[in-house]
Amino acid sequence: MKTTSLKCLFSLIAILIFSLANGQHAPKCDIEEDQSSSDLKIIHVNSPCSPLRPKTLTLSWEHTVLHMQSNDKARLRYLSTLSTDRSSVPITSGRWSTQNPTYVVQAKLGTPAQTLLVALDTCNDVAWIPCSGCVGCSSAVNYDPVKSSTFKNLACGAPQCKQKATGSSFPTQGLLGLGRGPLSLLSQTNSLYKSTFSYCLPSHKSLTFAGSLWLGPNKQPHKIKTTPLLRNPKRPSFYYVNLLAIRVGKRIVKIPPSAFAFDPNTGAGTVFDSGTTFTQLVKPAYIAVRDEFRRLMGNATLSSLGGLDTCYYEHITVPTVTFLFSGMNVTYPQYNFIIRSTQGTTACLAMMAAPDSGVNSVLNVIASFQQQNNRILIDVPNSKLGIRHEPCS
Ligand SMILES: *[C@@H]1O[C@H](CO)[C@@H](O)[C@H](O)[C@H]1NC(C)=O
Ligand SMILES: *[C@@H]1O[C@H](CO)[C@@H](O)[C@H](O)[C@H]1NC(C)=O
């Protein structure tokens, strides 16, 4: 199993490059026929187009939200393994633990193109796909290297082979890691995509819609708010930005500056992650935001749902929430920070407090719920992260 999958891992870069001119293959759920292979479709894992749709869909809304929270717990455990500070990594992180993806990308690989749905992960450097003949791979669809004229094996001495998967977790269907580490897929395809990409995540509610991932600088929007992109040596795969303050309603919430401080020594700061669902704020920041939100809710009866501790089982009028980043203020519509039940009778603030200890206790994570229906631009050469409202679902 390992030999085959490793071969696939190391040849993925070559495959991506050679599939550029090809790939007009139309799978069942294709909406647009004219996709090029640098313009990929993103679907939510629960979409009817997703064979990875979990059984939890039959659960109640409450249970679905609890399930999202337990996925986030696993995700954050995984993110803590991506710290260069090995001593702080929890030993419980399984070597081959599996992780449920939130969003999957329809990737066209090989010549002629084969279509695979792989997990999208902006904090992971690894690209991995299951190959046909792989013993022990549980994926329904595998990549067949024999059918690709551009498939190549790399020798074990190749630099890519130093890229270990230690402490990593593997979504069984394959992974498109778009992290920024030195041996990442992005770094290796730099001559082609210039370490530039943007994506728009479709709403978790509009399951029939697809968002998009654009690779390379060509198609990227020019009219977009941007903030400087920072690199933190402690956690080299992550996209860091400077979050300065948060406004709830008209008031800028009182948060100690240390809660948002970027620190290359501890890995503290604010990152964007596509794999976490609910935004996590370091504890004093979360408490301050939550308390101001609750204050504005006045007499509405407060309730909780798992780790979401600010829920209301009645109609509420929600204030605006603005995140003030360095050089860029982003005011979010309700659907980016309030999760509502299907009937709209229950509403929860879709944010959580970071844990009390460990490497994640100093990490603010702008998660996928807060990113949906926005285009997020990552421009590494110009050290910029952009955000533009874009209803992609
Ligand atoms: C809250 O309840 C009190 C007492 O019933 C009432 O006087 C007040 O106006 C209410 N406040 C809001 C914001 O509804
Ligand atoms: C963001 O909002 C703050 C507070 O209102 C303001 O001082 C600042 O100039 C704004 N920044 C930008 C880039 O608009």
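Indexing begins at 1, ligand by ligand and atom by atom, following the structure's order.
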Participant: Say whether, by atom type as modelled, one donor and one acceptor occur between the side chain of Thr122 and the main chain of Ser274 under 3.5 angstrom.
Facilitator: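 Judged by distance alone, yes, a pair lies under 3.5 Å.
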Participant: Kindly say whether Asn329 contributes a backbone atom to a donor-acceptor pair with the side chain of Lys225 at under 3.5 angstrom?
Facilitator: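 Yes, the answer is positive, given that a donor and an acceptor are paired below the 3.5 Å cut-off.
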Participant: Provide the number and element of each atom of ligand 2 under 4.0 Å from a heavy atom of Gly327.
Facilitator: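 Heavy-atom distances to Gly327 below 4.0 Å select 13 (C).
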Participant: Name the closest protein heavy atom to atom 5 (O) of ligand 2, giving the residue it belongs to and the distance to 0.1 Å.
Facilitator: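 It is Arg247 NH1, 3.0 Å.
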Participant: Name the option, out of Asn329, Leu324, Thr331, that contains the heavy atom nearest to atom 10 (C) of ligand 2.
Facilitator: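 Looking at heavy atoms only, Asn329 sits closest to atom 10 (C) of ligand 2.
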Participant: Right, does atom 7 (O) of ligand 2 have protein non-hydrogen atoms nearer than 4.0 Å?
Facilitator: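 Answer no: nothing from the protein, no heavy atom, is under 4.0 Å.
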Participant: Would you check if the side chain of Asn374 reaches a backbone N or O of Gln372 as a donor-acceptor pair within less than 3.5 Å?
Facilitator: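 Yes; at least one donor-acceptor contact below 3.5 Å.
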Participant: Just by modelled atom types, is the Gly179 backbone N or O under 3.5 Å from a matching donor or acceptor in the Ser184 side chain?
Facilitator: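 Looks like yes, one N/O pair under 3.5 Å.
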Participant: Taking 4.0 angstrom as the limit, do Arg75 and Asp121 come out as a salt bridge?
Facilitator: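 Here Arg75 pairs with Asp121 in a salt bridge, since their nearest N and O are under 4.0 Å apart.
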Participant: Tell me, please: is Lys225 in heavy-atom contact with ligand 2, that is, under 4.0 Å?
Facilitator: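 No, Lys225 has no heavy atoms under 4.0 Å from ligand 2.
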